[in-house]
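Worksheet: one structure, shown below.
Values below: all heavy atoms of this structure, side chains included; hydrogens, waters and symmetry mates excluded. Note that the structure is predicted; figures quoted are calculated from it, not measured. We count ligands from 1, going down the list as the structure has it; atoms in each ligand are counted the same way.
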Amino acid sequence: MISKGVRFAGTGSYLPERVVTNDDLSKTLDTNDEWIRTRTGISERRFAAPEQAASDLGIAAARRALDAAGVAPADLDLIICATMTNDYVIPSTAALIQRALGAERAGGFDLCSACSGFVLSLGAASGYIKTGAAKNVLVLGAEKMSVAMDMQDRTTAVIFADGAGAAVLQPSPEPGSDVLALRQGLKGDVDVLSIPAGGSRRPTSVETVQNREHYIKMAGRETFKFAVKTFSSLIEGTCADAGVTTSDLKVIVPHQVNQRIIEAACERSQIDMSRCVINIDRVGNTSAASVAIALDEAVRAGRIERGDLVLLVAFGAGLSWASALVRW
Ligand code: UT7
């Protein structure tokens with residue numbers, strides 16, 4: 001069966017319990033609450049417990065999404081987990097989530113594209129559904145970014161955070177619900193945002209560990225400028241692809257990269273901030289989980305209803321970007 005449309009049947013998210021405030025960070029870093037709030041929009045974020053890995057956060061978000069969708073784990077056909085902080089190199093985080101949920105029939109894989117991962121996963125999921133290869137697809141963004149952050153580097157330690165979000169996608173029984181347009185891009189850059197060691201280019205050694213090369217390195221200013229331009233052209237381009245305008249959007253769910261980046265992009269694209277979902281003040285930047293968590297919070301707050309046009313946009317290492325325009 002070739003499906004005409006794809007719909008979001010349910011969403012869920014999970015934030016770990018431990019709240020870390022800006023004041024907490026300034027106890028060990030040369031930073032302060034005012035700088036972090038005014039430069040990023042973040043007041044606090046969550047860090048996972050030592051015994052929690054990315055899959056544990058994902059499993060909690062997945063259970064909530066499955067409940068909301070009324071789908072049993074045994075009925076899942078596919079699990080796609082967007083993450084850059086996978087529990088192990090192998091097996092995939094999707095495999096660990098599959099086992100924990102008891103999703104015996106499901107296939108699955110991880111998708112690694114840093115902060116763009118969840119939005120790219122939605123494109124993959126909708127392809128599986130539209131070709132008839134899968135019916136119930138669980139898509140997740142799950143990150144334990146606190147293991148990839150150098151807590152001695154104030155440019156990254158104040159930004160990133162832990163959490164997970166999930167959505168169950170299905171063929172659409174209602175006319176209209178669909179993923180209407182998708183955009184994706186790469187700049188092919190390793191200099192502005194990377195984790196230099198731990199991969200096949202620079203395997204782990206005593207030297208790489210001593211040099212702290214397993215942590216995120218970021219050239220903030222360069223990323224900032226690129227992000228503003230990319231976000232606003234993604235917003236306008238994706239709407240144009242589907243023959244709608246930005247004024248038709250009910251809400252936009254951007255990657256919670258930096259409040260100033262989001263505001264600048266919305267201003268360029270003439271989108272009032274009241275239509276933009278923002279939780280960076282409480283949640284921080286949770287990379288691949290970011291759009292998924294913000295989407296779930298918007299759905300649960302009643303900001304998104306059947307028939308609404310919703311635009312998801314993300315940007316991250318790669319440099320990569322992705323968007324999905326959804327008729328809810
Ligand atoms: O999700 C993945 C993609 N990530 C991004 O796109 C991140 C994009 N970039 C940003 O969000 C911002 O560039 C940052 C929040 C990282 C930095 O904000 P900024 O306004 O670009 O600051 P800056 O790097 O230009 O630094 C301004 C000043 C510098 O001091 P001087 O040279 O003016 O004396 C920094 O050393 O702020 C200093 N600084 C800090 N001060 C207190 C940098 N980080 C901190 C800090 N606390 N945490």
Side-chain angles (χ1 to χ4, degrees), residues 20-45 82-85 112-120 141-163 165 185-196 215-235 253-266 268 277-281 283-294 312-323:
V20 178
T21 64
N22 294 340
D23 285 337
D24 291 333
L25 293 178
S26 54
K27 285 178 193 146
T28 52
L29 270 177
D30 180 15
T31 188
N32 58 74
D33 176 56
E34 213 236 321
W35 192 97
I36 302 170
R37 268 190 299 104
T38 53
R39 298 284 181 138
T40 70
I42 302 170
S43 295
E44 60 182 46
R45 75 286 289 143
T83 183
M84 56 169 274
T85 51
C112 181
S113 189
C115 309
S116 309
F118 178 74
V119 180
L120 289 167
E143 299 279 23
K144 187 176 184 181
M145 294 299 286
S146 54
V147 297
M149 291 153 60
D150 184 346
M151 296 313 288
Q152 295 176 10
D153 176 1
R154 66 181 183 170
T155 58
T156 51
V158 302
I159 294 176
F160 294 105
D162 301 339
L186 281 169
K187 190 167 179 255
D189 181 294
V190 289
D191 297 323
V192 295
L193 194 47
S194 71
I195 296 180
Y215 294 126
I216 297 172
K217 313 284 177 217
M218 184 174 77
R221 275 276 108 193
E222 285 76 0
T223 329
F224 190 102
K225 284 187 220 147
F226 194 73
V228 173
K229 265 203 302 197
T230 306
F231 259 11
S232 62
S233 63
L234 255 185
I235 292 169
V253 187
H255 169 39
Q256 306 292 305
V257 53
N258 179 318
Q259 174 109 13
R260 287 188 299 145
I261 292 176
I262 298 169
E263 283 174 357
C266 285
R268 271 186 179 217
V277 179
I278 300 277
N279 64 12
I280 191 170
D281 51 321
V283 178
N285 178 342
T286 55
S287 186
S290 164
V291 171
I293 296 169
L312 315 176
V313 281
F315 166 87
L319 293 169
S320 64
W321 55 93
S323 62

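Between S116 and A314, the closest heavy-atom pair is CA-CB, 3.8 Å.
V190 is linked by a side chain to side chain contact (heavy atoms under 4.5 Å, CB included) to nothing, counting only residues two or more places apart in sequence or in another chain.
When side chains are defined from C-beta on, I216 does not count as touching D150, because their heavy atoms never get closer than 4.5 Å. Considering only heavy atoms from C-beta on, I278 comes within 4.5 Å of Q256 through its side chain. The side-chain heavy atoms of T230 and K187, taken from C-beta on, include no pair separated by under 4.5 Å.
For atom 5 (C) of ligand 1, the closest non-hydrogen atom on the protein side is V257 CG2, 3.4 Å. The nearest heavy-atom contact from the protein to atom 3 (C) of ligand 1 is L193 CD2, 3.7 Å. Closest to atom 7 (C) of ligand 1 among all protein heavy atoms lies M218 SD, 3.6 Å. Closest to atom 9 (N) of ligand 1, if we only count protein heavy atoms, is G220 O, 3.1 Å.
Checking side-chain atoms of R154 against main-chain N and O of L29 turns up no donor-acceptor pair under 3.5 Å. Here the side chain of R45 pairs a donor or acceptor atom with the backbone of V20 at under 3.5 angstrom. Judged purely by atom type and a 3.5 angstrom limit, T40 has no side-chain atom pairing as donor or acceptor with the backbone of R37. D281 places no side-chain N or O within 3.5 Å of a backbone atom of I42 that could act as its donor or acceptor partner.
Ligand 1 places these atoms under 4.0 Å from at least one heavy atom of I159: 16 (C). Within ligand 1, the atoms closer than 4.0 Å to a non-hydrogen atom of H255 are 1 (O), numbered from 1 in the order shown. Taking every heavy atom of I261 and a limit of under 4.0 angstrom, the matching atoms of ligand 1 come to 8 (C). Taking every heavy atom of N258 and a limit of under 4.0 angstrom, the matching atoms of ligand 1 come to 10 (C), 11 (O), 12 (C), 15 (C). Each of the following atoms of ligand 1 lies closer than 4.0 Å to a heavy atom of V158: 48 (N).
For the pairing with V228, the side chain to side chain contact (heavy atoms under 4.5 Å, CB included) check across R268, R260, E263 returns one residue only, R268.
Under the 30°/60° scheme for interplanar angles, the aromatic rings of F231 and F315 are found to stand perpendicular.
Among G41, S290, C115, the residue whose heavy atom lies nearest to atom 2 (C) of ligand 1 is C115. One option in M145, R154, R221 has a heavy atom closer to atom 38 (C) of ligand 1 than any other, and that option is R154. Comparing T155, N285, T40, V228 against atom 15 (C) of ligand 1, the shortest heavy-atom distance belongs to T40. Nearest-heavy-atom check against atom 27 (C) of ligand 1 across R260, R39, E34 picks out R39. Scanning W35, F226, F231 for the heavy atom closest to atom 43 (C) of ligand 1 points to W35.
Considering backbone and side-chain N/O atoms, T31 comes within less than 3.5 Å of an N/O atom of ligand 1.
Within 4.0 Å of atom 13 (O) of ligand 1, at least one protein heavy atom is present. Under the 4.0 angstrom criterion, atom 18 (O) of ligand 1 counts as having a protein heavy-atom contact. Put simply, atom 29 (C) of ligand 1 has no protein non-hydrogen atoms near it, under 4.0 Å away.
Within the structure, ligand 1 lacks T156 among the residues with a heavy atom less than 4.0 angstrom away. Not a single heavy atom of I36 sits less than 4.0 Å from an atom of ligand 1.
Here the straight-line distance linking atom CZ of F224 with atom CZ of R39 works out to 9.0 Å at 0.5 Å rounding.
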